[in-house]
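Encoded as C-alpha cells, the structure appears first; notes follow it.
Values below: every heavy atom of this structure, side chains too, minus hydrogens, waters and symmetry copies. Both counts, for ligands and for their atoms, begin at 1 and track the order of listing.
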Amino acid sequence: MQTFGAFLVSFLAASGLAAALPAEGQKTASIEVSYNKHYVPHGPTALFKAKRKYNAPISEKLHAAVAAKKALTKRQTGSANTNPSDSADDEYITNVSIGTPAQVLPLDFDTGSSDLWVFSSETPKSSASGHVTYSPSKSSTAKKLSGASWSITYGDHSSSSGDVYTDKVTVGGFSVSSQAVESATKVSTQFVQDTVISGLLGLGFDVGNTVKPRAQKTWFSNAANSLAQPLFTADLKHQQTGSYNFGFIDTTLAKGPIGYTPADGSEGYWGFTATGYSVGGAKLNRNSITGIADTGTTLLLLDDDVVNAYYNNVESAQYDDSQQGVVFDCSEDLPSFSFGVGGTTITIPGSLINLTPVSDGSSTCFGGLQSSADIGINIFGDVALKAALVVFDLGNERLGWAQK
Ligand SMILES: Cc1noc(C)c1CN(C)Cc1cc2n(n1)CCN(c1cc(N)ncn1)C2
C-alpha cells in the first residue's frame with residue numbers, strides 16, 4: 001500500500017512535474033496552483049454544493065437563492081459578422097448598435113487601438129457627408145461625459161478628435177449599458193473620404209485609450225467580466241463574410257490546432273513573438289519576429305530582411321517609388337509565407353499576398369507583404385490574420401493562432 005507521499009511523488013512524476021520532485025530521500029514536494037481570477041463566489045451556491053455533496057437536506061429557500069443567482073449569471077456571448085470594405089480587403093466593416101432606440105453604425109474593429117469613436121451630429125456637415133452618424137440627442141440613454149475629450153492619430157497619419165458621451169452599445173447581440181462613445185468634432189481627410197465606415201471600435205488594451213482627463217475602457221474590456229470567457233476571436237476572410245465572436249471560441253472555424261503565446265498589452269497593442277518564418281513551405285527558420293496582431297492594418301509589415309527573403313523568390317518583384325512599396329506582375333504564382341507561433345505554424349497562401357492591381361486594369365500588383373522599417377514595429381495586419389482564426393484572450397493575456 002503506497003503512502004500518500006509516495007503516491008504524490010509518483011503522481012508528480014507521471015504528470016511531468018518532476019521539477020517539483022524532492023531530492024532522493026526527502027519527504028516533501030511542492031506544486032504551484034493558480035486560481036480562476038474571474039470566478040465570482042456566491043455563498044448560497046457554495047452551501048448548496050456542500051449540502052448536496054454530503055446528502056444534507058436542502059431547503060426550498062436555498063434552492064430559490066441558487067436559482068436566482070443562476071438566472072443572473074446567464075452565460076453570455078456575442079457574435080457579429082464582418083465584411084471586407086472593398087475588393088482589396090482594405091478594412092473590415094462590422095455593424096454596431098448605439099443608443100435607445102438603436103442607431104446602427106458600420107465601424108472598423110481595430111485591435112491596434114483602444115478608442116470607440118464615431119461620426120456624429122457634432123461632426124462638421126461637410127465632413128460627415130455620405131457617412132451614417134450617431135446623434136446622442138436622439139438617444140434616451142445617452143449622457144454627456146462632462147469635461148472629457150479625445151484625440152487620436154493612426155500609423156498612416158489619419159486622425160480624429162472630439163468630445164465624449166456614454167450610451168448603450170450592442171455588438172453581436174451583447175450589450176454594454178454605459179460605454180464611452182467618442183463623438184468626432186474633427187476628422188482627417190482619409191476618414192472623410194472613407195464613407196463605408198462611420199468610425200472605429202478599438203479592441204486594444206485600455207492603456208491605449210486617448211480620453212482625457214480620465215481614460216475610458218474599451219467595449220470589450222467593459223464586456224469581459226460578463227462574458228462566458230474573457231476573450232474574443234477574429235475570423236477575417238478574403239472577399240467573404242467573417243466574424244468577431246465574443247466570450248467563446250468556435251473551433252470549427254479553424255482547420256488546425258490553436259497555438260497560444262503570451263500577449264504583451266503594455267503599449268495598448270496585442271504584442272507577441274513569432275518564433276521563426278519560411279517562404280514557400282520550407283522548414284521554419286529560428287529568426288524570431290516580435291510584432292502586433294492588428295485588425296486595423298491592411299498589410300503584413302515586417303523587417304526588410306524578411307521582406308527581401310520573400311520577394312527574392314518573386315521574379316518580377318521590385319520596389320516602386322511611386323507606389324511606395326514592392327510591386328510585381330499580377331500573373332506571378334506567389335510563394336506562401338509561414339510563421340511559427342505558440343508551437344504551431346501559420347501559412348499565408350501566396351494568393352493572399354497579391355493584394356490588388358496598383359490601379360484599375362493594371363497588370364502590376366501591389367504586395368500584401370511590405371517593409372515595417374519606417375514604422376518601427378512589425379504589424380501582422382489583415383493579410384496575416386486572414387490565414388488564421390485568432391484568439392485574443394484577455395483573461396490569460398495570450399494570443400491563440402489556428403490555421404484556417
Ligand atoms: C480606403 C482605405 N484603405 O486602407 C484603409 C485603412 C482605408 C481606410 N481609410 C484610409 C481610412 C482609415 C485610416 C485608418 N483607418 N481607416 C482605420 C484605422 N487606422 C489604422 C488603424 C491601425 N490599427 N493601424 C493603422 N491605421 C487608419
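- Applying the salt bridge (Lys or Arg N to Asp or Glu O under 4.0 Å) rule to pairs touching residues 371-394 yields Asp89-Lys386, Asp393-Arg398, sequence neighbours excluded.
- One distance of note links CD1 of Ile292 with CG of Leu399; it measures 10.5 Å at 0.5 Å rounding.
- Checking each of Ser139, Ser140, Ser175, Ser97 against Lys168 for a side-chain contact (heavy atoms from CB on, under 4.5 Å) leaves exactly one that passes, namely Ser175.
- In this structure, the ring of Phe246 has its center less than 6.0 angstrom from the ring center of Phe232.
- Remark: Thr233 OG1 to Leu253 CG distance equals 6.5 Å, nearest 0.5 Å.
- A distance limit of 4.0 angstrom between heavy atoms and ligand 1 selects the residues Asp90, Glu91, Asp108, Asp110, Gly112, Tyr154, Gly155, Asp156, Ser158, Gln190, Phe191, Asp194, Leu200, Asp294, Gly296, Thr297, Thr298.
- The only option from Asp303, Ile377, Thr273 that meets the side-chain contact (heavy atoms from CB on, under 4.5 Å) definition with Thr290 turns out to be Thr273.
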